[in-house]
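Here's the structure we're looking at; comments come further down.
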There are 2 protein chains.
Amino acid sequence: MSKPRINTMEELSVAIGVSRPTLSRYFQDPTRIKATTVARIEAGLAQVEYVPNFFATRLNRKSTGIIGVIIPYLNDLFFTKLLEQIEMAAMAAGYTVITQCSHSDPEIEARAARTFMSMSVDGVLVAPLGDQSDADIQEQLSQRMPFVLVDSRPTTMPAVEYVGTDHEQSFGLIVEYLCRVGEPPVFLGMPRVNFNANQHESTYLRMMAEKGFEPTVIGTEALDDRGHFEAHGEAILDDCFSRGLYMDRSILCANDRVAIGALRAAMRHGLTPGRSQDGGLRIAGHDDYPLCPFTTPALTTVEQDFEAIGKAAVSRLVQLINGAEINAAKPQVQLFKGSLRLRESA
Amino acid sequence: MSKPRINTMEELSVAIGVSRPTLSRYFQDPTRIKATTVARIEAGLAQVEYVPNFFATRLNRKSTGIIGVIIPYLNDLFFTKLLEQIEMAAMAAGYTVITQCSHSDPEIEARAARTFMSMSVDGVLVAPLGDQSDADIQEQLSQRMPFVLVDSRPTTMPAVEYVGTDHEQSFGLIVEYLCRVGEPPVFLGMPRVNFNANQHESTYLRMMAEKGFEPTVIGTEALDDRGHFEAHGEAILDDCFSRGLYMDRSILCANDRVAIGALRAAMRHGLTPGRSQDGGLRIAGHDDYPLCPFTTPALTTVEQDFEAIGKAAVSRLVQLINGAEINAAKPQVQLFKGSLRLRESA
DNA sequence: CGACAATATTTACATACGTAAAAAAGGGAG
DNA sequence: CTCCCTTTTTTACGTATGTAAATATTGTCG
């Protein structure tokens, strides 16, 4: 019942009586071959088990048809959603996607970069680690092949093709909203290794200054180094609440995962953040983490347009692969706007 | 400042004055080469930019050193955590991991399987889609190379090497607990496409029968087909609560993501599930989804030992790759026990 | 200084397929 | 039936590296 297995195109060509070069062309683009021959090949193929060798095919094509993707970690639905969009878009464009995860480790990230170089990948999409990314390797990679940065942009490589959210605009939305309808917010941040969180912090500071409010930043020192966003948010805020601080203020978190921890801290102290109460506790985040609609209370946040970012990143990379001009002095930067998601928590 | 780039080992050998076969051996295992030569090679390597070609190296090694991993979808922290363990373990064992995500689509899953065949991957780890997985391709793959199933086991391929949680035991824990300290639970399930959810349902039914309680199963028909677990749980329970049903019962959900939706429905109806109240609403799940400690109230659930599962799966696969005997009639099945995580919701 | 062992080099072939050029075969129109 | 065009086959070489066998080199010890 199991079909005879064939390992090489050579064998296949004798098995079904079609020459090897014809088979080679068939596997690359069947339309270049006469319909009757295609039918003969496919009839033969149905009788046996054969898959062209991936390595041999990629070894001497001019283009490998592979897009490499590097993401910093997996245990975050944000990257997961982004990756999903990227993979679907790349697949639709006819590319094979190979994803490597840095697992928060610069060494693993560098290894992934080397792997992609050794694969002569057509291009790479990189969502960098925070400020720990190995700048040299990133630089090498970007010199060597089409390279588009996604999600966040290290301060060490400003002049690079980039696709992401316009954090000034998007975080600005939530700062503005909180200031407008209630108490000016306290910023609950993170240790300063995450570029987006840093940008949120500076946006917060700038806007508070503009509006003439006194800024308050907490949480930029870690209380525990487990490094989980939620645990960090909970620990910081629990500590504050225990000291009676900020219990009726607006807490604006650097991102939703921190905010989820903040919600937990509020709950533990018997507080229910919400926008209905005047002057009471409010909690808000940023990103529109997929679980935000299901938290208690549902989290008010700013949505990032993952789909647009993923698609734009792939589409720009494909342009570069197809030889689009890169203005080295002024690389293309695509920033997408965020949009406010008003729910219950603020 | 940028080093001269070298593309082939041939060029490299003339550039640093060491023969190509020696270089080849160096890149595979530097210890097989005399220390002084290694030093000479590395000194030379520091002067240039060179990475051995991935495809050429894998083309004619007997072993490619690659482990393929297929997971059904990414937007679930469960798989993400499992994948993390698998990648780290495989890396530690000296393998390159290539992960392909099915994105809930049997066709994409089948394509991934074909990709791995064409790569002559050393072995594959597969977390299957539900009952939609293409059984033929899975079969082909398992015939062709070392193959270990992870997380869930299709009823269509019972006789396969498998590593996962002992769901009878683990789901039994929570059924038993709920029955023991309160009202026997209602089972909030899912459309029957997910093997683990199915097994949870049957475990529930069996244990309720054993204990002489009347079982109640809800949610096995989808109200909306967006297919998101949380939305499903919320929609089903919201519907029930709106009709005044089960408002003071124990709701045991097929998994934590459904339970998170259930918590949300409870909250919308002004109900606070918890174990402190006698006779009141309780909600519990299964998996110990990473966000469980941060829900309101914190979700009582059963922890799956991701780390053990990931490590065991890799370790078993490596055994098979190294030629371990496979008893076709009785493949090795490793089931790990779950453990109760009592928190606030039940 | 010579012999022996360890290591490196030379040479040659293999991997599975891409691809170009020339020759052969097929197919339709006149 | 023949000519011409299209398609396939034949032939041959290229891709970057693995690998084996024979030969050459190096280093060490007596």
Side-chain angles (χ1 to χ4, degrees), chain A residues 5-45 48-66 96 114-122, chain B residues 5-45 48-66 96 114-122:
Chain A
R5 180 164 154 200
I6 284 189
N7 287 311
T8 76
M9 233 180 235
E10 199 76 53
E11 294 175 37
L12 183 68
S13 90
V14 318
I16 68 181
V18 171
S19 77
R20 190 175 69 74
T22 304
L23 289 175
S24 172
R25 265 173 295 145
Y26 166 78
F27 282 110
Q28 289 176 70
D29 182 6
T31 66
R32 292 194 312 180
I33 286 176
K34 204 169 62 166
T36 63
T37 312
V38 167
R40 197 146 53 97
I41 293 174
E42 288 177 348
L45 237 28
V48 300
E49 188 188 322
Y50 169 76
V51 202
N53 182 297
F54 190 86
F55 303 125
T57 59
R58 316 288 154 155
L59 183 54
N60 45 5
R61 282 189 192 156
K62 55 236 92 182
S63 148
T64 56
I66 300 175
T96 299
R114 273 189 294 266
T115 300
F116 288 147
M117 289 194 258
S118 84
M119 284 187 185
S120 302
V121 149
D122 285 347
Chain B
R5 181 163 154 200
I6 284 190
N7 287 311
T8 76
M9 232 180 238
E10 200 74 54
E11 294 175 38
L12 183 67
S13 89
V14 318
I16 69 182
V18 172
S19 77
R20 192 176 66 73
T22 302
L23 288 175
S24 171
R25 266 173 295 145
Y26 166 80
F27 282 111
Q28 289 175 68
D29 181 6
T31 66
R32 292 193 313 180
I33 286 176
K34 204 169 60 166
T36 64
T37 312
V38 167
R40 196 146 53 97
I41 292 173
E42 287 175 349
L45 238 28
V48 301
E49 189 187 323
Y50 169 77
V51 201
N53 182 298
F54 190 86
F55 303 126
T57 59
R58 316 288 154 157
L59 184 54
N60 46 5
R61 282 191 193 156
K62 57 236 90 183
S63 149
T64 56
I66 301 175
T96 297
R114 274 190 293 268
T115 300
F116 288 147
M117 291 195 256
S118 84
M119 283 186 186
S120 302
V121 148
D122 285 348

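Fair warning: this is a prediction, and the values are worked out from it, not measured in the lab. Numbers restart at 1 for each chain; the letters A, B, ... are given by sequence-line order, proteins then strands.
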In whole angstroms, how far is the P atom of D:dT9 from the CZ atom of A:Arg32? 14 Å
Is A:Val18 close to A:Tyr26 at the side-chain level, that is, under 4.5 Å between some pair of heavy atoms? no
Out of C:dT19, D:dT8, D:dT9, which nucleotide sits closest to the side chain of A:Ser19? D:dT9
Under 4.0 Å between any heavy atoms, over every strand shown, what does A:Arg58 touch: base, sugar-phosphate, or nothing? Just pick one. nothing
For a quick test of reading the model, state the closest non-hydrogen atom pair linking A:Ile16 to A:Gly44 and the distance between them. CG2-CA, 3.5 Å
Please report the closest heavy-atom contact between B:Gly65 and B:Asp122, naming both atoms and the distance. N-OD2, 2.8 Å
Closest heavy-atom pair and its distance - A:Ser19, A:Ser13: C-CB, 4.0 Å
Atom pair distance, as rounded to whole Å: CG in A:Asp29 and C1' in C:dG18: 14 Å
Less than 4.5 Å apart, side chain to side chain, heavy atoms only: is that true for A:Asn7 and A:Asn53? no
Should the ring pair B:Phe27 and B:Tyr50 be called parallel, tilted or perpendicular, given that the plane angle runs from 0 to 90° and is split at 30 and 60? tilted
Restricting both atoms to N or O, compile the protein contacts to nucleotides 26-29 of chain D shorter than 3.5 Å, with distance only.
none

Please write out each protein N/O paired with an N/O of nucleotides 15-17 of chain C under 3.5 Å, distance rounded to 0.1 Å.
{"from": "C:dT15", "atom 1": "O2", "to": "B:Asn60", "atom 2": "ND2", "distance (Å)": "3.1"}
{"from": "C:dC17", "atom 1": "OP1", "to": "A:Tyr50", "atom 2": "OH", "distance (Å)": "2.6"}
{"from": "C:dC17", "atom 1": "OP1", "to": "A:Asn53", "atom 2": "N", "distance (Å)": "2.9"}
{"from": "C:dC17", "atom 1": "OP2", "to": "A:Met9", "atom 2": "N", "distance (Å)": "2.5"}
{"from": "C:dC17", "atom 1": "O2", "to": "A:Asn60", "atom 2": "ND2", "distance (Å)": "3.2"}

Rounded to whole Å, the CZ-P distance (B:Phe27 to D:dT17) equals 8 Å
Side chains of B:Phe54 and B:Ile66: does their closest heavy-atom pair fall under 4.5 Å? yes
Between A:Arg25 and A:Ile33, is the side chain to side chain contact (heavy atoms under 4.5 Å, CB included) condition met? List the steps. CA-CA 8 Å; A:Arg25 265 173 295 145; A:Ile33 286 176; 4.0 Å; yes
So side-chain hydrogen bond (donor to acceptor under 3.5 Å, both in side chains) across residues 31-41 of chain A, not counting sequence neighbours, yields A:Asp29-A:Thr31
Length of the line joining B:Leu23:CG and D:dT19:P, which is rounded to integer Å: 15 Å
In whole angstroms, how far is the P atom of D:dG18 from the OH atom of B:Tyr26? 13 Å
Rounded distance in Å - NZ (B:Lys62) to C1' (D:dA20): 11 Å
To the nearest Å, give me how far apart CZ (A:Arg25) and C1' (C:dA21) are. 12 Å
